[in-house]
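In what follows, chains are A, B, ... by sequence order, proteins preceding strands, each numbered from 1.
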2 protein chains.
Amino acid sequence: MLNQSQRSNASVQIFKALADPIRLAIIQHLNQLDHKVACGEVGRAMHISKTSGSYHFKILQEAGLISVNKVGREKYVQLDRSTFDHYLIHFWQNL
Amino acid sequence: MLNQSQRSNASVQIFKALADPIRLAIIQHLNQLDHKVACGEVGRAMHISKTSGSYHFKILQEAGLISVNKVGREKYVQLDRSTFDHYLIHFWQNL
DNA sequence: TTAATAGTTCAAAAGCTTTTGAACTATGTA
DNA sequence: TACATAGTTCAAAAGCTTTTGAACTATTAA
(Lines give C-alpha, C1' and ligand atoms only; values in the text may rest on other atoms or scores of the structure.)
Protein backbone atom coordinates (compact mmCIF):
# COMPACT_ATOMS: atom_id res chain seq x y z
CA MET A 1 0.00 0.00 0.00
CA LEU A 2 1.05 3.57 -0.68
CA ASN A 3 2.65 5.82 1.92
CA GLN A 4 1.52 9.31 2.92
CA SER A 5 3.54 11.32 0.40
CA GLN A 6 2.70 9.01 -2.50
CA ARG A 7 -1.01 9.69 -1.95
CA SER A 8 -0.78 13.29 -0.80
CA ASN A 9 -2.38 16.05 -2.77
CA ALA A 10 -3.51 19.62 -2.34
CA SER A 11 -6.96 18.78 -0.91
CA VAL A 12 -5.41 16.69 1.83
CA GLN A 13 -3.10 19.57 2.73
CA ILE A 14 -6.03 22.01 2.93
CA PHE A 15 -8.14 19.70 5.09
CA LYS A 16 -5.19 18.96 7.40
CA ALA A 17 -4.73 22.69 7.83
CA LEU A 18 -8.42 23.02 8.75
CA ALA A 19 -8.42 19.95 11.02
CA ASP A 20 -7.19 21.69 14.13
CA PRO A 21 -9.12 23.70 16.74
CA ILE A 22 -6.48 26.43 17.10
CA ARG A 23 -6.26 26.98 13.35
CA LEU A 24 -10.05 27.08 12.99
CA ALA A 25 -10.16 29.66 15.77
CA ILE A 26 -7.52 31.73 13.94
CA ILE A 27 -9.58 31.53 10.74
CA GLN A 28 -12.70 32.58 12.61
CA HIS A 29 -10.84 35.53 14.13
CA LEU A 30 -9.39 36.63 10.77
CA ASN A 31 -12.81 36.29 9.18
CA GLN A 32 -14.39 38.58 11.77
CA LEU A 33 -11.69 41.22 11.45
CA ASP A 34 -11.64 41.05 7.65
CA HIS A 35 -8.36 42.99 7.31
CA LYS A 36 -4.61 42.44 7.68
CA VAL A 37 -3.44 41.79 11.23
CA ALA A 38 -0.06 40.93 12.78
CA CYS A 39 0.63 37.28 13.72
CA GLY A 40 1.58 38.26 17.26
CA GLU A 41 -1.71 40.03 17.84
CA VAL A 42 -3.67 37.00 16.65
CA GLY A 43 -1.51 34.66 18.73
CA ARG A 44 -2.17 36.72 21.85
CA ALA A 45 -5.92 36.64 21.18
CA MET A 46 -5.70 32.81 20.88
CA HIS A 47 -3.65 32.48 24.10
CA ILE A 48 -0.91 30.48 22.43
CA SER A 49 2.87 30.81 22.66
CA LYS A 50 4.67 32.63 19.87
CA THR A 51 6.43 29.41 18.83
CA SER A 52 3.11 27.65 18.52
CA GLY A 53 1.68 30.62 16.60
CA SER A 54 4.60 30.56 14.20
CA TYR A 55 3.98 26.86 13.58
CA HIS A 56 0.24 27.28 12.94
CA PHE A 57 0.63 30.31 10.65
CA LYS A 58 3.18 28.38 8.61
CA ILE A 59 0.72 25.54 8.09
CA LEU A 60 -2.06 27.94 7.09
CA GLN A 61 0.29 29.73 4.69
CA GLU A 62 1.59 26.52 3.09
CA ALA A 63 -1.99 25.42 2.52
CA GLY A 64 -2.69 28.76 0.81
CA LEU A 65 -5.39 29.67 3.34
CA ILE A 66 -3.74 32.94 4.36
CA SER A 67 -1.68 35.52 2.52
CA VAL A 68 1.21 37.17 4.26
CA ASN A 69 3.18 40.38 4.01
CA LYS A 70 6.02 41.47 6.19
CA VAL A 71 6.36 45.12 7.20
CA GLY A 72 9.33 45.92 9.40
CA ARG A 73 9.49 43.24 12.05
CA GLU A 74 5.82 42.42 11.87
CA LYS A 75 4.20 39.79 9.69
CA TYR A 76 0.69 40.64 8.60
CA VAL A 77 -1.74 37.91 7.68
CA GLN A 78 -5.14 37.85 6.03
CA LEU A 79 -7.46 35.10 4.78
CA ASP A 80 -7.12 34.02 1.18
CA ARG A 81 -10.79 33.46 0.41
CA SER A 82 -10.17 32.10 -3.07
CA THR A 83 -8.60 28.97 -1.55
CA PHE A 84 -11.59 28.44 0.73
CA ASP A 85 -13.89 28.91 -2.23
CA HIS A 86 -11.97 26.47 -4.36
CA TYR A 87 -11.70 23.61 -1.84
CA LEU A 88 -14.78 24.10 0.34
CA ILE A 89 -17.51 25.94 -1.53
CA HIS A 90 -16.69 24.12 -4.80
CA PHE A 91 -15.77 20.85 -3.12
CA TRP A 92 -17.70 18.52 -5.45
CA GLN A 93 -16.56 20.22 -8.64
CA ASN A 94 -12.98 19.96 -7.53
CA LEU A 95 -13.04 16.40 -6.17
CA MET B 1 -3.42 26.21 27.17
CA LEU B 2 -6.34 23.96 26.35
CA ASN B 3 -5.91 20.33 25.35
CA GLN B 4 -7.37 18.63 22.28
CA SER B 5 -10.70 17.52 23.78
CA GLN B 6 -11.33 20.84 25.48
CA ARG B 7 -11.15 22.62 22.13
CA SER B 8 -12.67 19.92 19.96
CA ASN B 9 -15.87 20.50 18.12
CA ALA B 10 -17.82 19.09 15.21
CA SER B 11 -16.00 21.07 12.49
CA VAL B 12 -12.65 19.73 13.63
CA GLN B 13 -14.02 16.19 13.49
CA ILE B 14 -15.32 16.71 9.94
CA PHE B 15 -12.05 18.21 8.71
CA LYS B 16 -10.02 15.46 10.36
CA ALA B 17 -12.16 12.91 8.58
CA LEU B 18 -11.49 14.70 5.27
CA ALA B 19 -7.77 15.15 5.96
CA ASP B 20 -6.66 11.75 4.71
CA PRO B 21 -5.93 10.60 1.16
CA ILE B 22 -7.61 7.20 1.55
CA ARG B 23 -10.79 8.72 2.93
CA LEU B 24 -10.89 11.38 0.21
CA ALA B 25 -10.51 8.58 -2.37
CA ILE B 26 -13.39 6.69 -0.73
CA ILE B 27 -15.54 9.84 -0.86
CA GLN B 28 -14.65 10.36 -4.51
CA HIS B 29 -15.57 6.75 -5.28
CA LEU B 30 -18.90 6.95 -3.42
CA ASN B 31 -19.65 10.24 -5.16
CA GLN B 32 -19.13 8.69 -8.59
CA LEU B 33 -21.28 5.66 -7.82
CA ASP B 34 -24.01 7.71 -6.15
CA HIS B 35 -25.74 4.67 -4.61
CA LYS B 36 -25.32 2.29 -1.65
CA VAL B 37 -22.31 0.00 -1.85
CA ALA B 38 -20.78 -2.58 0.50
CA CYS B 39 -17.70 -1.57 2.55
CA GLY B 40 -15.77 -4.59 1.31
CA GLU B 41 -16.30 -3.67 -2.32
CA VAL B 42 -15.07 -0.11 -1.70
CA GLY B 43 -12.11 -1.38 0.29
CA ARG B 44 -11.09 -3.68 -2.56
CA ALA B 45 -11.33 -0.79 -5.04
CA MET B 46 -9.02 1.26 -2.77
CA HIS B 47 -6.52 -1.59 -2.36
CA ILE B 48 -6.62 -1.45 1.43
CA SER B 49 -6.87 -4.24 3.99
CA LYS B 50 -10.26 -4.94 5.52
CA THR B 51 -9.00 -3.85 8.94
CA SER B 52 -7.89 -0.54 7.50
CA GLY B 53 -11.21 -0.21 5.65
CA SER B 54 -13.13 -0.84 8.85
CA TYR B 55 -11.11 1.89 10.58
CA HIS B 56 -11.67 4.48 7.83
CA PHE B 57 -15.40 3.79 7.46
CA LYS B 58 -15.80 4.21 11.21
CA ILE B 59 -14.17 7.65 11.05
CA LEU B 60 -16.34 8.72 8.12
CA GLN B 61 -19.45 7.47 9.91
CA GLU B 62 -18.61 9.16 13.22
CA ALA B 63 -18.10 12.43 11.34
CA GLY B 64 -21.55 11.97 9.76
CA LEU B 65 -20.10 11.95 6.23
CA ILE B 66 -21.61 8.56 5.35
CA SER B 67 -24.80 6.77 6.28
CA VAL B 68 -24.74 3.07 6.88
CA ASN B 69 -27.15 0.18 6.77
CA LYS B 70 -26.41 -3.44 7.45
CA VAL B 71 -28.07 -6.16 5.37
CA GLY B 72 -27.13 -9.71 6.29
CA ARG B 73 -23.39 -9.79 6.71
CA GLU B 74 -22.79 -6.80 4.50
CA LYS B 75 -22.58 -3.16 5.56
CA TYR B 76 -23.75 -0.73 2.90
CA VAL B 77 -22.49 2.83 2.88
CA GLN B 78 -23.48 5.98 1.05
CA LEU B 79 -22.48 9.64 1.24
CA ASP B 80 -24.49 11.90 3.52
CA ARG B 81 -24.49 15.00 1.37
CA SER B 82 -26.23 17.17 3.96
CA THR B 83 -23.12 17.02 6.16
CA PHE B 84 -20.88 18.07 3.28
CA ASP B 85 -23.28 20.91 2.50
CA HIS B 86 -23.36 22.05 6.09
CA TYR B 87 -19.61 22.09 6.78
CA LEU B 88 -18.12 22.74 3.33
CA ILE B 89 -20.57 24.50 1.07
CA HIS B 90 -21.87 26.66 3.95
CA PHE B 91 -18.52 26.94 5.70
CA TRP B 92 -18.61 30.69 6.40
CA GLN B 93 -22.19 30.70 7.65
CA ASN B 94 -21.41 27.91 10.05
CA LEU B 95 -18.03 29.17 11.33
C1' DT C 1 -22.91 -29.53 10.36
C1' DT C 2 -18.84 -27.60 8.10
C1' DA C 3 -16.68 -24.16 5.61
C1' DA C 4 -16.61 -19.64 3.62
C1' DT C 5 -17.45 -14.68 3.70
C1' DA C 6 -18.19 -9.76 5.68
C1' DG C 7 -16.89 -7.10 8.96
C1' DT C 8 -15.05 -5.87 13.94
C1' DT C 9 -11.86 -5.67 17.76
C1' DC C 10 -7.50 -5.71 19.97
C1' DA C 11 -2.75 -4.50 21.08
C1' DA C 12 1.58 -3.40 19.22
C1' DA C 13 4.28 -0.98 16.06
C1' DA C 14 5.12 2.68 12.95
C1' DG C 15 4.39 7.18 11.61
C1' DC C 16 2.84 11.90 11.95
C1' DT C 17 1.62 16.32 14.51
C1' DT C 18 1.93 19.61 18.13
C1' DT C 19 4.09 21.84 22.13
C1' DT C 20 7.97 23.35 24.65
C1' DG C 21 11.96 26.33 25.83
C1' DA C 22 16.30 28.02 24.42
C1' DA C 23 18.86 30.21 21.08
C1' DC C 24 18.63 32.79 17.13
C1' DT C 25 17.84 36.80 13.25
C1' DA C 26 16.19 41.13 12.12
C1' DT C 27 14.17 45.37 13.07
C1' DG C 28 12.90 49.39 15.83
C1' DT C 29 13.74 52.70 19.89
C1' DA C 30 16.28 55.35 23.57
C1' DT D 1 25.61 52.11 21.33
C1' DA D 2 22.44 49.05 24.11
C1' DC D 3 17.94 47.21 24.76
C1' DA D 4 13.39 45.69 23.48
C1' DT D 5 10.19 43.50 20.31
C1' DA D 6 8.42 40.34 16.35
C1' DG D 7 9.03 36.34 14.63
C1' DT D 8 11.82 31.85 13.31
C1' DT D 9 14.37 27.64 14.06
C1' DC D 10 15.84 23.62 16.43
C1' DA D 11 15.59 19.24 18.92
C1' DA D 12 13.23 16.76 22.32
C1' DA D 13 9.12 15.35 24.36
C1' DA D 14 4.34 14.45 24.36
C1' DG D 15 0.41 13.21 22.00
C1' DC D 16 -2.39 11.54 18.24
C1' DT D 17 -3.33 8.63 13.96
C1' DT D 18 -2.81 4.74 11.00
C1' DT D 19 -1.40 0.04 9.81
C1' DT D 20 -0.74 -4.63 10.90
C1' DG D 21 -2.05 -9.51 11.83
C1' DA D 22 -4.46 -12.55 14.76
C1' DA D 23 -8.55 -13.70 16.90
C1' DC D 24 -13.20 -12.85 17.00
C1' DT D 25 -18.73 -12.54 15.81
C1' DA D 26 -22.33 -13.15 12.71
C1' DT D 27 -24.27 -14.61 8.56
C1' DT D 28 -24.67 -17.48 4.41
C1' DA D 29 -23.93 -21.61 1.46
C1' DA D 30 -22.73 -26.54 0.57
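Between the C1' atom of C:dC16 and the CD1 atom of B:Ile22 lies a distance of 14 Å, rounded to the nearest Å. Residue A:Lys75 contributes atom NZ, which lies 15 Å from atom P of C:dA26 at whole-angstrom precision. A straight line from CD of B:Glu62 to C1' of C:dT8 spans 13 Å, rounded to a whole angstrom. Distance, B:Gln61 CD to C:dT8 C1': 12 Å, rounded to whole Å. In this structure, the CD atom of A:Glu41 is 11 Å from the P atom of D:dA6, given to the nearest Å. Nucleotide D:dT20 holds its C1' atom 13 Å from the CD1 atom of B:Ile48, rounded to whole Å. Atom CZ in A:Phe57 sits about 15 Å away from atom P in D:dT9, given to the nearest Å. D:dT28 atom C1' lies 13 Å from atom NZ of B:Lys70, rounded to whole Å.
Listed nucleotides: D:dT19, C:dA6, C:dT20. Nearest to the side chain of A:Ser49: C:dT20. Side-chain atoms of B:Arg73 lie closest to D:dA29 of the nucleotides D:dA29, D:dA6, C:dG7. Checked against D:dT20, C:dC16, C:dA6, the side chain of A:Lys16 finds its nearest nucleotide in C:dC16. For B:Arg23, taking side-chain heavy atoms from C-beta onward, the closest of the listed nucleotides D:dA6, C:dA6, D:dT18 is D:dT18. Comparing C:dT19, C:dG7, D:dT18 against the side chain of B:Asp20 picks out D:dT18 as the nearest. Closest approach to the B:Tyr55 side chain among D:dA6, C:dT18, D:dT19 is made by D:dT19 (side chain taken as heavy atoms from C-beta onward). The side chain of B:Ala38 lies closest to C:dG7, out of C:dT18, C:dT20, C:dG7.
Remark: side-chain polar atoms of A:Gln13 are paired, donor with acceptor, to backbone N or O of A:Glu62 under 3.5 angstrom. A side-chain donor-acceptor contact under 3.5 Å links A:Thr83 to the backbone of A:Gly64.
Legend: side chain to side chain donor-acceptor pair (under 3.5 Å) pairs involving residues 21-31 of chain A, not counting sequence neighbours, sorted by first then second residue: A:Arg23-A:His56, A:Asn31-A:Arg81.
Side-chain atoms of B:Lys50 come within donor-acceptor range of the base of C:dG7, with a qualifying N/O pair under 3.5 Å.
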Checklist entry - Would B:Leu79 and B:Leu65 count as a side chain to side chain contact (heavy atoms under 4.5 Å, CB included) if you check the C-alpha gap in whole Å, the side-chain angles of each, and the deciding distance to 0.1 Å? => result CA-CA 6 Å; B:Leu79 293 181; B:Leu65 293 170; 5.9 Å; no
Next on the checklist: Checking B:Tyr76 against B:Gln78 for the side-chain hydrogen bond (donor to acceptor under 3.5 Å, both in side chains) test, could you report, in this order, the C-alpha distance in whole Å, the side-chain angles of both residues, the deciding distance, and whether it holds?
Outcome noted: CA-CA 7 Å; B:Tyr76 290 91; B:Gln78 182 169 225; over 6 Å; no
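Taking side-chain N and O atoms only, B:Thr51 has no distance below 4.0 Å to OP1 or OP2 of D:dT19.
Two residues, A:Val71 and A:His56, neighbour DNA chain C, and the one matched to the more 5' nucleotide by heavy-atom proximity is A:His56.
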